[in-house]
Protein chains: 2
Amino acid sequence: MDLRIPVDEQDRTRIVPETIRRADRSPHNRYGNRPTMKDVAARAGVGLKTVSRVVNGEPGVTPETERRVQEAIEALGFRRNDSARVLRKGRTASIGLVLEDLADPFYGPLSRAVEEVARAHGALLINGSSAEDPDREQELALALCARRVDGLVVIPAGDDHRYLEPEIRAGVATVFVDRPAGRIDADVVLSDNYGGARDGVAHLIAHGHRRIGFIGDMPRIHTAAERLRGYRAAMEDAGIPVADSWMSLGVTTPERVRSAAEEMLSGPEPVTAIFTGNNRVTVTVIRVLAEQSRQVALVGFDDLELADLLQPGVTVVAQDAAALGRTAAERLFRQLDGTLVTPERIELPTRLITRGSGELPPAD
Amino acid sequence: MDLRIPVDEQDRTRIVPETIRRADRSPHNRYGNRPTMKDVAARAGVGLKTVSRVVNGEPGVTPETERRVQEAIEALGFRRNDSARVLRKGRTASIGLVLEDLADPFYGPLSRAVEEVARAHGALLINGSSAEDPDREQELALALCARRVDGLVVIPAGDDHRYLEPEIRAGVATVFVDRPAGRIDADVVLSDNYGGARDGVAHLIAHGHRRIGFIGDMPRIHTAAERLRGYRAAMEDAGIPVADSWMSLGVTTPERVRSAAEEMLSGPEPVTAIFTGNNRVTVTVIRVLAEQSRQVALVGFDDLELADLLQPGVTVVAQDAAALGRTAAERLFRQLDGTLVTPERIELPTRLITRGSGELPPAD
DNA sequence: CCTGCATCTGACAACGTTGTCCAGGCTCTA
DNA sequence: TAGAGCCTGGACAACGTTGTCAGATGCAGG
């Protein structure tokens, strides 16, 4: 389609001289060749600012003028360029979300909750996955800052976030979720990983278990470390000394988790119960246990879809991913409001959901 | 922190007169008060363009000059404003993704795949959920266009996308996924919903079933309609007349699905097998079947985590969500390259995964 | 008919960056 | 040593929008 103004339309314009319009219309090599307010103004025969006023619903435009402008907008398929607007206004009405893996079912509801809050505040969500790589987290977070997002919700992969200091000082609202920020003072929203794990393990102990295994993620990940700490605390509370061979920490690939589980289930004194440190681990361990001849008790951190339909149902320590996201996003916008000043650390409670697997008695 | 240049630093500057610098430095009310290239240039005692050159790694700057500029960047915590850059350059290196629900496990891998491709092309991903609401889809898609995303991946909620015509003409690359575009000619990447459903139902028929139920989503959703068509085709191929009471289409809330399933399982001639139209329906139906006294066969559209661990394992028609996302995103970037011109409709095959529930014989 | 006021409109600068173009200083050669 | 040519650096305009301010218009009242 030819976006240039037909000659009969041009005649309607009043003040702007022919040459200027011609120059502006000349085909330029820029991508898109989109109509701008200038084009709309020329076509409607009004000034630039009048178009701006119409587009933004500002008062002080006669109905007749407004109609002409609307008509031109329609005819040209004009859409305001928010990039330019942002440059002028300072705020982008968008927030960034750096998470670990968009495909992880735990982060789905979390992202969704963040999005809902953003939407309620008229903001868009830009997000990316760090894949648990601190460099990638930093790269992403800074790229988002370069886009001048108003705020940043970060699920940290690394443990040093001083690189965000200039951004925060420059006014980028920042909230960390799921794991704490490293070496900077910032808002943090967490689950009670320590307490949840301790409760889960204590639950197993209450059902008679003493040899209890723990399979978790790499200990440099805060949640993994906290859950391990909860495990240790529960065992210590019960006066049970923990054998090193009962604990396995590392990447949560199915292969490693499988061999870790198989190992602690073999030997002369196998564990009679396993506490799993996150949903990925739980899934793999369920598979391993399904192949075992004897029954092994299981409590997992994080809930699973269908967990109630397995035989036995899977007892879990559930965290509320949506609440984490919602809380974080709400704090973010309160920072932007100015309602919130002092960084805080918020811990949301977890919930033990008993379904059978955690109530199995020890096999021996 | 005070970002203004200390007096002793100002003296280093050469040409720019005092007054201009003073004016630029004066505290302005704009949000953030971030240092700009101008500030860096002043502090390093060089020209604006030299800073630009350093920031963008362009040639023609002596190492000594570069060092001074880098130092100033460091000291001020400068970060390039990509909004301004975009305004100048035309492309934003970002793409938009409009999906139905970020929290749906089907869309997680899809989003992730789109993100991976975007990342490989140096682009960021902006996304939002339409919640199956056509108006919201349009609002979101147009908001993304206003941000001048280079391209748009849309999982349609509505069935009329003519509103995107001006955008596409203006150069916004567009690909529809999972469901076709309505009333415009555009790239579309789909699963073979019809064929998959037909295969799944044929599988049940091959195992001796004749009274087979179908529970699916609202028929205005393309995938739901196609899957229903596949069901009908398989039944017709086998010469089985379909009773109206065997089919239920509507919102996939647990309540409605539950009552639909219970209804077709009751009465004098209950169905002996059910084909479910998507993962949400499947999950609910599994729960209903678990409460039944007799065994009912089940084949579901979409795979489920843990489906193999249930008793019996759930036979499904699996689609490759990641492949959908990847294919769509790759086509998007090929549109942007100019490698791709003619819109095409691509159908990816589905895969029947037998796990037990689909191989159960009829109960009667 | 002029003044004063209210209403509507448009010219212009600015936002922070990049592309163009030119100036000044250097090296190299005749 | 002068001139040509290269290299480095900087002034300036432009991208598309919005805020400021002043000009134009219309109308009522003196």
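This one's a predicted model, so the numbers in the text were calculated from it and none came from an experiment. Labels below follow one simple rule: chain letters A, B, ... track the order of the sequence lines, proteins then strands, and each chain is numbered from 1.
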Tell me the interatomic distance from [X], atom [atom1], to [N], atom [atom2], rounded to whole angstroms.
| X | N | atom1 | atom2 | answer |
| --- | --- | --- | --- | --- |
| Arg85(B) | dT18(C) | CZ | C1' | 8 Å |
| Met37(A) | dA14(C) | CE | C1' | 16 Å |
| Arg91(B) | dC15(D) | CZ | P | 18 Å |
| Leu87(A) | dT17(C) | CG | P | 9 Å |
| Lys89(B) | dG16(C) | NZ | P | 19 Å |
| Leu48(B) | dA13(D) | CG | P | 14 Å |
| Arg88(A) | dC12(C) | CZ | P | 16 Å |
| Arg148(B) | dC15(D) | CZ | C1' | 12 Å |

Ignoring backbone atoms, test whether [X] places a side-chain nitrogen or oxygen under 4.0 Å from the OP1 or OP2 oxygen of [N].
| X | N | result |
| --- | --- | --- |
| Thr62(B) | dT8(D) | no |
| Ser83(B) | dT17(C) | no |
| Asn56(A) | dT18(D) | yes |
| Arg34(A) | dC15(D) | no |
| Thr50(B) | dG10(D) | yes |

How would you label the contact of [X] with the nucleic acid (heavy atoms, under 4.0 Å): base, sugar-phosphate, or nothing?
| X | result |
| --- | --- |
| Asp82(B) | nothing |
| Glu58(B) | sugar-phosphate |
| Gly60(A) | base |
| Val61(B) | sugar-phosphate |

Going by heavy atoms in the side chains, are Val175(B) and Val188(B) under 4.5 Å from each other?
-> no
For the residue pair Tyr163(B) and Leu142(B), establish whether any side-chain heavy-atom pair is separated by less than 4.5 Å.
-> yes
Asn127(B)/Asn127(A) under side-chain contact (heavy atoms from CB on, under 4.5 Å): CA gap, chis, key distance, verdict = CA-CA 7 Å; Asn127(B) 53 18; Asn127(A) 54 19; 3.2 Å; yes
Roughly how bent is the helix from dC1(C)-dG30(D) to dA30(C)-dT1(D) end to end, in steps of 10 degrees, with each end axis from five pairs?
-> 60°
Any side-chain donor paired with an acceptor under 3.5 Å for [X] and [Y]?
| X | Y | value |
| --- | --- | --- |
| Gln138(A) | His161(A) | no |
| Asn56(A) | Arg80(A) | yes |
| Glu100(B) | Ser129(B) | no |

Per the atom types in the model, does the base of dG16(D) pair as donor or acceptor with the side chain of Lys38(A) at under 3.5 Å?
-> no
Please report the closest heavy-atom contact between Gly151(A) and Val172(A), naming both atoms and the distance.
->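 Closest approach of Gly151(A) to Val172(A), heavy atoms only: CA-CG1, 4.1 Å.
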Is a side-chain donor or acceptor of Thr65(B) paired with a backbone partner of Val61(B) at a separation under 3.5 angstrom?
->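 Absent.
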Between Arg79(B) and Arg53(B), the residue closer to the 5' end of DNA chain C by nearest nucleotide is Arg79(B)
